[in-house]
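Below is one structure, written out as C-alpha cells; comments come after it.
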Amino acid sequence: MELLEYVETLESRINSYWNFYIVVVFANAGWIFNGYGSIPVFAATTLSIGLTLFFLSNLSFQIVALNNLSAAREEITNRIGGAKYRLLFGRNAIERIPYRKVGTCALHLTIGAGLMLLLFAGTG
C-alpha cells in the first residue's frame, strides 16, 4: 500500500506544479495585455529571462516527478503477482494519460514561446 500512497503523492505534486504554472502564465499574460503597446524593452527582456527560468525549473520538477511516477508504476507492476489487492494495484500500474511526458514538454515549450512572443510584441 505504500506504493499506492507514493503514486498519489506524486500525482498531487504534479498537479501542484501545473497549478502554479497556470497561475504564473495567466498572471503574466494579464499583465502583458494590460500594458500592451507600452511595455519597455528592458522590462520585457527582464521578464522573459525570469519566465524562462521559471518555465525551465517547473518543467524539470515535473519531469523528475513523472520519472518517479513511472518507476513507481513499474514497481507496482512487478509486485502485482503476489499482491493482496491485485485489482487496485493493476489500476494504478497503468498510465492513464498517453504521452504524458512528451505532452508536458510540448505544452511548456509552446506556451512559453507564445508568451514570449506576446511579451515582445507588446513592447513600445
Answer whether the closest heavy-atom distance between the side chains of Arg73 and Leu3 falls below 4.5 Å.
no
Nearest 0.5 Å, please: how far is CZ in Phe54 from NE2 in His108?
7.0 Å
When you compare the side chain of Phe120 with that of Thr123, does any pair of heavy atoms fall below 4.5 Å?
yes
Indicate yes or no: at least one non-hydrogen side-chain atom of Ser48 is less than 4.5 angstrom from one of Leu115.
no
Pair Tyr21 and Phe26, ring centroids less than 6.0 Å apart
no
What I'd like to find out is whether the side chain of Leu109 reaches to under 4.5 Å of the side chain of Phe55, using heavy atoms alone.
no
What closest approach, in Å, do Thr104 and Leu59 show between heavy atoms, and which atom pair accounts for it?
CG2-CD1, 3.8 Å
Are the side chains of Val24 and Leu51 in contact, using a 4.5 Å heavy-atom criterion?
yes
Pair Trp18, Leu107 - check side-chain contact (heavy atoms from CB on, under 4.5 Å), show working.
CA-CA 11 Å; Trp18 274 116; Leu107 195 59; 3.6 Å; yes
Taking atom CG of Asn28 and atom CG of Asn34, what is their separation to the nearest 0.5 Å?
12.5 Å
Does atom CZ (Phe61) have a neighbourhood of more than 12 heavy atoms from anything else shown, all under 6.0 Å?
no
All salt bridge (Lys or Arg N to Asp or Glu O under 4.0 Å) counterparts of Arg100, not counting sequence neighbours
Glu11, Glu95
Examine the side chains of Asn58 and Gln62 and answer whether a donor and an acceptor come within less than 3.5 Å of each other.
yes
